[in-house]
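In what follows, chains carry the letters A, B, and so on, assigned in the order in which the sequence lines appear, proteins first and then strands, with residues in each chain numbered from 1.
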Amino acid sequence: MDEYRQLWLKGAIIYAINLVSKGFKVVGIGLGERDFYVDIESDSILNLEEAKEFAKPSNNEYKINDNKLLYGNQEIALNEKITPSGDPQYFEILNISVHHPSPDKQYVRIRGVSFETEEQLKDYLSWLEKASETDHRIIGEKLDLFSFHDEVGSGLPLFHPKGQIIRNELMDYMREINASMGYQEVYTSHVYRSMLWKISGHYFMYKDKMLIFNQEDDELGIKPMNCPAHIMIFKSRSRSYRDLPVRFSEFGTVYRWEKKGELYGLLRVRGFTQDDGHVFLTEDQIKDEVKILISKTLEVLGKFGFSSNDVRLNLSTRPDESIGSDQLWEKATSALESALKELKLNYVVKDKEGAFYGPKIDFDIRDSLGRWWQLSTIQVDFNLPERFKLEYTDKDGSKKRPVMIHRAIYGTLDRFMAILLEHFRGKLPTWLSPVQVRVLPVNQSVQEYAKTLLSEMLKEKIRAELDDGDTLAKRIKRAYDEAVPYIVVVGRKEMENGTLTVRSRGNVERVIDAKQFISLLKREIVDRDLSNTAVSNS
RNA sequence: GCCGCAGUAGCUCAGCCUAGUAGAGCGCUGCCCUGGUAAGGCAGAGGUCCCGGGUUCAAAUCCCGGCCGCGGCUCCA
């Protein structure tokens with residue numbers, strides 16, 4: 001879509017000029033990830049049909065000066081640095097919404113696209129339609145992975161058996177990664193007394209997103225974060241400098257009452273599970289620990305096939321509302337910055353977007369519609385150790401205050417699963433696929449042979465299923481629709497030779513010795529290969 | 001929370017404009033077919049047409065209010 005950006009901007013200008021000619025006050029023009037937008041000041045909102053009337057080519061004179069578009073006596077903000085060009089003839093208005101540049105201001109934002117040829121417009125519209133086929137909410141429904149229900153509540157997903165298989169695989173992999181970095185897994189309860197949230201500061205800084213309730217003369221809150229619990233574990237005994245860094249990990253399920261309009265499938269929910277971890281360490285250990293975390297995170301993202309084009313690193317600095325001294329913030333921010341620089345990575349500085357308790361490094365990943373979602377996060381925190389008065393005993397016997405790092409590599413299992421489903425369009429790598437093999441006997445006479453193969457696969461912990469219900473053609477279509485990576489067909493020929501016919505993704509079909517196939521498949525799963533190596537490499 | 005657009009069977013949707021017996025495909029159940037590579041045939045079950053109110057002889061259909069979903073905005077992992 002990037003190749004159209006200059007053309008869209010030109011189209012947006014023409015559209016804006018058409019609006020101005022009819023007396024509308026246009027205040028801004030810019031580009032979205034996959035369209036242009038024009039902001040107007042208007043008391044009454046336009047409907048889509050009315051907005052479409054201005055979507056037509058015209059040749060009025062205009063000037064661009066310093067990010068400002070000058071037309072007639074109006075001055076319109078141009079929110080893009082690129083130069084508009086091309087000769088847009090075909091327009092499509094996609095959506096009208098309301099934009100709030102600041103709490104007291106409100107504009108009507110019209111989104112659309114423009115192209116030079118009708119064919120380009122058709123291509124774009126069919127791309128948009130196709131993109132909806134990669135929507136994780138639709139894939140999740142089709143593959144029977146998870147569901148939402150009115151009775152349960154908005155933003156509270158229920159994971160079905162097949163969805164839970166994917167979560168378990170993700171957790172197994174992360175346990176290996178965490179162990180390789182020296183983490184010890186813990187488990188903590190979900191509800192704590194308000195006393196704890198007052199010590200941590202969440203009670204004041206995060207209260208509007210917390211679920212707080214009263215019970216038996218006590219006030220309690222459901223946890224929106226796991227850190228206070230991990231801190232209490234750290235605090236439960238005295239710690240020596242020799243123990244540091246102490247690393248706790250947990251697949252911690254937390255609840256944050258996001259506003260209704262912010263919810264979006266599994267990408268934005270109210271209850272979710274983080275692959276959380278907290279490191280307690282000395283100030284001197286920060287940079288090395290952060291470097292290890294960044295490298296491991298890139299390794300994990302690479303394992304799922306996210307290339308550097310789909311990953312963006314951000315360094316977020318101190319927000320206006322925060323706790324902790326200037327000195328501490330300065331120290332933490334520079335530790336993160338030098339870790340990034342020593343690893344020679346490109347990153348974007350996000351001014352004032354840190355957490356209220358410390359600066360952070362985020363990893364954004366791009367979804368199928370080109371939107372960026374924050375997944376991994378590494379946050380330095382000097383404030384919570386202070387609030388909880390954490391200590392360790394140093395070499396000379398004196399008490400010192402440790403520093404904390406909060407980190408999550410997937411971010412959350414929920415959002416990560418959604419991104420994976422969109423990234424792979426439902427066709428997950430074999431190790432993540434809920435059903436890895438579907439065995440289809442051609443007819444009843446080879447039923448026993450099919451069952452033997454099935455049980456040999458199950459013995460190797462391969463997730464295989466037998467389907468012997470309908471016609472062969474129908475069963476193949478079903479397995480294909482359900483994104484099963486390997487479709488195994490056996491008939492008389494295969495039974496006599498001890499072979500099987502396997503079809504893998506991309507319609508690669510092969511006849512292969514049954515035992516050989518099982519061991520190749522086993523290796524593909526254990527290695528967590530991205531592609532179907534069991535068939536393509538044999 | 002704000003603005004726009006929707007809500008009919010488990011799923012995808014038609015019917016609504018112009019009010020007059022609730023529809024299709026997929027899925028599900030049963031029967032037939034015993035299959036060699038992307039939907040075999042026949043039959044059946046399945047509905048508070050989101051909820052509440054109004055107009056009307058009569059409302060899925062027209063009007064009002066609410067709820068929920070979606071596309072954006074704001075916010076976030």
Side-chain angles (χ1 to χ4, degrees), chain A residues 32-33 35 37 39 42 44-51 93-103 105-111 128 132 135 137-138 141-142 144 147-151 153-155 206 208-209 224-225 252 254 256-270 272-276 316 353 355 360 362-365 369 371-377 379 406-416 418-419 440-447 468-481 487-494 501-503 507 509:
Chain A
E33 300 272 12
D35 48 29
Y37 63 84
D39 288 346
S42 173
S44 59
I45 188 132
L46 293 166
N47 66 37
L48 203 56
E49 215 156 294
E50 288 162 346
I93 299 305
L94 301 166
N95 170 281
I96 294 173
S97 64
V98 165
H99 173 60
H100 302 263
S102 64
K105 259 193 229 161
Q106 174 174 317
Y107 298 144
V108 175
R109 174 166 284 189
I110 301 163
R111 290 176 168 277
L128 247 196
S132 81
D135 189 316
R137 294 165 300 182
I138 294 164
E141 150 91 38
K142 207 171 80 182
D144 195 16
S147 57
F148 292 92
H149 305 267
D150 282 357
E151 299 89 331
S154 306
Y206 214 78
D208 57 330
K209 282 196 176 177
M225 294 183 193
V254 297
R256 299 180 188 172
W257 210 250
E258 308 291 352
K259 290 179 204 153
K260 203 178 280 173
E262 297 168 345
L263 303 173
Y264 181 75
L266 284 186
L267 285 168
R268 194 74 189 278
V269 288
R270 282 175 171 162
F272 51 91
T273 305
Q274 298 176 301
D275 62 315
D276 210 357
S316 299
E353 290 193 27
K360 60 181 181 176
D362 294 322
F363 296 67
D364 291 346
I365 299 274
L369 286 178
R371 288 167 304 198
W372 292 91
W373 293 92
Q374 189 180 314
L375 298 177
S376 321
T377 180
Q379 311 182 348
H406 309 247
R407 49 115 274 184
I409 292 180
Y410 293 141
T412 72
L413 295 179
D414 314 79
R415 178 176 286 185
F416 198 75
I419 294 284
L440 314 182
V442 169
N443 60 42
Q444 285 294 323
S445 69
V446 289
Q447 183 88 357
D468 57 359
D470 296 282
T471 58
L472 185 60
K474 192 161 188 175
R475 286 177 282 156
I476 285 171
K477 168 142 175 56
R478 183 155 56 215
Y480 181 86
D481 285 345
I487 303 172
V488 165
V489 175
V490 290
R492 179 182 300 230
K493 281 179 287 184
E494 287 83 356
T501 300
V502 60
R503 179 198 286 226
N507 278 342
E509 194 175 283

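- Residues A/Val489 and A/Lys259 each lie close to RNA chain B; by heavy-atom proximity, the contact nearer the 5' end of the strand is made by A/Lys259.
- The side chain of A/Ser445 places no N or O atom within less than 4.0 Å of a non-bridging phosphate oxygen (OP1 or OP2) of B/U34.
- Checking A/Thr501 against A/Glu509 by side-chain atom types alone, no donor-acceptor pair falls below 3.5 Å.
- Scanning atom types as modelled, one donor and one acceptor separated by under 3.5 angstrom connect the side chain of A/Arg415 and the base of B/C76.
- By the 30° and 60° cut-offs, the orientation of the rings of A/Trp373 relative to A/Tyr264 is parallel.
- Between B/G36, B/G40, B/C76, one nucleotide has an atom nearer to the side chain of A/Glu494 than all others, and that is B/G36.
- For A/Val442, taking side-chain heavy atoms from C-beta onward, the closest of the listed nucleotides B/G72, B/C68, B/G35 is B/G35.
- Between the OG1 atom in A/Thr412 and the CD atom in A/Gln374 there is a gap of 10.5 Å [rounded to 0.5 Å].
- In this entry B/C17 has no Watson-Crick or G-U wobble partner, no candidate having both defining distances under 3.5 Å.
- Across all strands shown, B/U12 is found opposite B/A24 as a Watson-Crick or G-U wobble partner, with both distances under 3.5 Å.
- You'll find that the side chain of A/Arg492 is closest to B/G36, out of B/G36, B/A77, B/G35.
- Atom CG of A/Leu263 and atom P of B/C70 are 8 Å apart (whole Å).
- Nucleotide B/G4 forms a pair with B/C70, judged by Watson-Crick or G-U wobble geometry with both contacts under 3.5 Å.
- Spacing between atom CG of A/Asp470 and atom P of B/G36 amounts to 14 Å, rounded to whole angstrom units.
- If you measure from atom CD1 of A/Ile365 to atom P of B/A77, you get 15 Å, rounded to the nearest angstrom.
- Ion pair A/Arg407/A/Asp276 not flagged as a salt bridge, since none of the NZ, NE, NH1 or NH2 atoms sits closer than 4.0 Å to an Asp/Glu carboxylate oxygen.
- The interatomic distance linking A/Lys474 (NZ) with B/G36 (C1') rounds to 18 Å, in whole Å.
- Within the shown strands, nothing qualifies as a pairing partner of B/C33 under the Watson-Crick or G-U definition with both distances less than 3.5 Å.
- Distance from the side chain of A/Tyr264 is smallest for B/G71 among the nucleotides B/U37, B/G69, B/G71.
- A/Asp364 places its CG atom 11 Å from the C1' atom of B/C76, with the value rounded to the nearest Å.
- Nucleotide B/A45 has no partner under the Watson-Crick or G-U criteria, as no pair reaches both atom distances under 3.5 Å.
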